[in-house]
2 protein chains.
Amino acid sequence: MATGRTHRPATRSRGIPEATVARLPLYLRALTALSERSVPTVSSEELATAAGVNSAKLRKDFSYLGSYGTRGVGYDVEYLVYQISRELGLTQDWPVVIVGIGNLGAALANYGGFASRGFRVAALIDADPAMAGKPVAGLPVRHTDELESIITDNDVSIGVIATPAGAAQQVCDRLVAAGVTSILNFAPTVLSVPEGVDVRKVDLSIELQILAFHEQRKAGEETTSAQEPAAVQPRSGAAVRTPAAGRAAGKGPDGDVPAVMPA
Amino acid sequence: MATGRTHRPATRSRGIPEATVARLPLYLRALTALSERSVPTVSSEELATAAGVNSAKLRKDFSYLGSYGTRGVGYDVEYLVYQISRELGLTQDWPVVIVGIGNLGAALANYGGFASRGFRVAALIDADPAMAGKPVAGLPVRHTDELESIITDNDVSIGVIATPAGAAQQVCDRLVAAGVTSILNFAPTVLSVPEGVDVRKVDLSIELQILAFHEQRKAGEETTSAQEPAAVQPRSGAAVRTPAAGRAAGKGPDGDVPAVMPA
DNA sequence: CATTGTGAACGATTTCACAGCC
DNA sequence: GGCTGTGAAATCGTTCACAATG
């Protein structure tokens, strides 16, 4: 099913760069903490430290939103909270559905951050008939058959996919057909969606693999690497070359799980 | 807080750009799928489609690894699987610990992708004495008291933090003190770590907020007609974005106090 | 006079386009 | 002929440094 494709000049974000958008929630969290402690104003330096970025970047980011600071003083915390919330669209309520109520889906349903800031879990959906009706995080699990009606009845535009990889594309297609235009995908698959639909992906094993890369590099650093098995003969004609499947030196014969889907 | 100078000159990746490293796991997954279907070779175009990127980028990425393809033919699937696995450090076994066995921690423990590709869950750790001994995903939960000995005994260098935000920094400090040098953080907090320790962050509410931003823009477009030069609305395509890289960050004088906490 | 806001320099990443090779 | 590998160009993101200003 060739599909895939779909790239575009990326977000024509009308001003605000994508990288900045990705940091706004970070600033918002830091500001909310300050707000709860009734701190009235904050400098770019302080806020940057709290958010884990540097101050120049923060000021540049804010400059895309407008001039919300006061020279010589800093930023008004409450005002900034409001401005960023508005910019992110969090002043309105976003109903979301979570599809796939396994371990991960249940964890997501219980995630406090959902309810707390602009998001409301409209429904939990699972394909297993045995799950139907069972309460998870205070909501009854609904069967996949109801997916379309749930979406339209609640005007859901954001969907979270926490199904096994094999089911993700199908679920995605149904969500999109029913009107969802933003998807947060936890399944380890590349989803193909029509233009106009946004997909963000969260992938545990990818994060771990990136860590492993850096970890490996640290380890090798001590011995000034250059450990290329010089014998590498890319002469890809065929022939020699260690069998893939990599993975070596297991501790125990622990079932190496052929893993049909890297779940 | 001396100017939170905790930044490393950004990965001294010795050759391979960070952006490329972040995509290698994607390629690896696509290649593994091809391998399971016994596909012998693949072109950059096909593989790129399967991985959800464009072919020029993929070829450029591979060029940092070496010349592993054959002009006029493509790439040998098995060979590439091996090379990427090796580059990522997945030919060895990485023991990891998961700290915080709530909903999320349990979900992670059950995550098939852990065991399946180079990672082995060495232990599950929780601060709740009532949890101790209870089996989760086939492993008995261990108490936090044992954290240090577990790390050293198993030579763990990668830790996963799935605790509430308030406990994260403390857990992080103990992990690092015990020898962990890579951390995957699910708690919504900025962790401060000494130089040489890598932190990656996965934050659900941030991902949702980014989606909300784009969702809002789509909604607003309909009413406030965009004055984009092009007649057709050039909206964001189906860009799939992975969470931004989590770099180490300056410390935070505040205690914790994030607005949201995971289960 | 401390601090914002921002042009301009710099650096990283993506895309183009085509030479080189099988 | 088809496809890789890669310089060069284009784009995007970060950092510098300082003028503007409450």
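Just so we're on the same page: letters track the sequence lines, and every chain starts at 1. Here the structure is a predicted model, which means the values were calculated and not measured.
With hydrogens and angles left out, the side chain of A/R71 and the base of C/dT3 share no donor-acceptor pair within 3.5 Å.
Mapping A/T20 and B/Y64 onto DNA chain D via the closest heavy atom, the residue that lands nearer the 5' end is B/Y64. Both A/S63 and A/V73 sit near DNA chain C, but only A/V73 has its closest nucleotide nearer the 5' end. If you find the closest nucleotide of DNA chain D to B/K60 and to B/S44, the one lying nearer the 5' end belongs to B/S44.
Residue B/K57 places none of its side-chain N or O atoms closer than 4.0 Å to OP1 or OP2 of C/dT13. At the phosphate of D/dT14, OP1 or OP2 sits under 4.0 Å from a side-chain N or O atom of A/R23. Phosphate proximity of C/dA2 to A/R59: absent, as no side-chain N or O sits under 4.0 Å from OP1 or OP2. Contact annotation: A/N54 reaches the phosphate of D/dT15 (side-chain N/O to OP1 or OP2, under 4.0 Å).
Counting heavy atoms from C-beta on, the side chains of B/S182 and A/K218 come closer than 4.5 Å.
Taking all atoms of both residues into account, the shortest heavy-atom contact from A/I183 to A/V180 is CG1-CG1, 3.8 Å.
Proximity of the aromatic rings of B/Y68 and B/F62 is defined here by a centroid distance below 6.0 angstrom, and this criterion is not met.
When heavy atoms are screened at a 4.0 angstrom cut-off, A/G72 is found touching base atoms of the nucleic acid. Contact annotation for B/Y75: backbone-only contact, meaning every heavy-atom pair under 4.0 Å involves sugar-phosphate atoms and none involves a base.
Partners of B/S43 according to the side chain to side chain contact (heavy atoms under 4.5 Å, CB included) rule, which considers only residues two or more places apart in sequence or in another chain, are B/E45, B/E46.
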